[in-house]
Amino acid sequence: MSTALAVEILSALNTLLQFARANGVSSRKVLDEYLAARAEGRELSMADIEDLKRQARAALDRLNAVTSNR
Amino acid sequence: MPRTEYRVARQAVQLAGAVLLLCLLAAGAAALPGCSLVQPQKDIAVLCAQINDRNAGVTCVKAGYAAVRDLALLTEQRYTQGRISLATAKAALRTLEEANRAVEIAEVAVALGAYSDAEARLDAVIALLDRLEATL
């Protein structure tokens, strides 16, 4: 197996793991908030969504800016 | 890199993806090494496959926006590191915008109490993001 192939494989695996790790942390946090609300008998409001919605929009705008500058 | 080696590399990546998918789907697979990484996503997927109330709906919409954010950040990182081309990054952005719109529609459905509509929209989001992840 050539070095280039090994690098290609490791790079791709790293991408999968990076996303699994990053999104795993996000998912854990969202799930913990759900479980806490359920344990307290509290209803989550639509306003609880706003922060993540804003973060998603900001990340998309940033990606757009980075890819539009080239 | 020669064509054969590309094919082998691609197969290896597909295998890794299949392992992660197995972690997500197979009952009991969470005990396998590495599967703990995707356990929270698996729990979210179970919750979002059957949205029964407002709390589950809000949680699934939040998970949708979090996935869009995380993949946008990963795409930016991969592009600035020179690991994906400008064309791939732009295609990823278009897919992410589409996924984000679907999450927004799911959000409206949850607000209206139309949970089965929200489930369908979120299924579409998952399909889009899975496809995108494989291209990064």
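Here is how names work: the chains are called A, B, and so on, in the same order as the sequence lines, proteins then strands, and each is numbered from 1. When reading the values below, keep in mind they use all heavy atoms of this one structure, side chains included, and skip hydrogens, waters and symmetry mates.
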> Considering only heavy atoms, which portion of B/E104 lies under 4.5 Å from any heavy atom of chain A: side chain, backbone, both, or neither?
Replying inline: side chain
> Around atom CZ of A/R38, are there more than 12 heavy atoms of other residues, nucleotides or ligands at under 6.0 Å?
Replying inline: no
> Does A/E33 come within less than 4.0 Å of A/K29, counting only side-chain N to carboxylate O?
Replying inline: yes
> Hey, which of A/R28, A/M46, A/R57 has the most heavy atom pairs under 4.5 Å with chain B?
Replying inline: A/M46
>> Can you tell me which portion of A/E43 sits under 4.5 Å from chain B's heavy atoms? Options are side chain, backbone, both or neither.
In response: both
> Got a donor-acceptor contact below 3.5 angstrom from the B/Y115 side chain to the B/R54 backbone?
Replying inline: yes
> So, for B/L96 and B/A72, which heavy atoms are closest and what is the spacing to 0.1 Å?
Replying inline: CD1-CA, 3.6 Å
>> Quick check on the interface: out of B/L73, B/L74, B/D53, who has the most heavy-atom pairs with chain A under 4.5 Å?
In response: B/L74
> Is it the side chain or the backbone of B/L71 that comes within 4.5 Å of chain A heavy atoms, both, or neither?
Replying inline: both
> Taking atom types as modelled and ignoring hydrogens, do the side chains of A/S26 and B/R69 form a donor-acceptor contact shorter than 3.5 angstrom?
Replying inline: yes
> Side chain, backbone, both or neither: which part of B/N55 has an atom under 4.5 Å from a heavy atom of chain A?
Replying inline: both
>> Looking at chain B, which one of A/S27, A/A58, A/A59 has the largest number of heavy-atom pairs inside 4.5 Å, strictly under?
In response: A/S27
> Are B/L122 and B/L129 connected in a single hydrophobic cluster, I mean Ile/Leu/Val/Met/Phe/Trp/Tyr linked by side-chain heavy atoms less than 4.5 Å apart?
Replying inline: yes
> Side chain, backbone, both or neither: which part of B/V61 has an atom under 4.5 Å from a heavy atom of chain A?
Replying inline: side chain
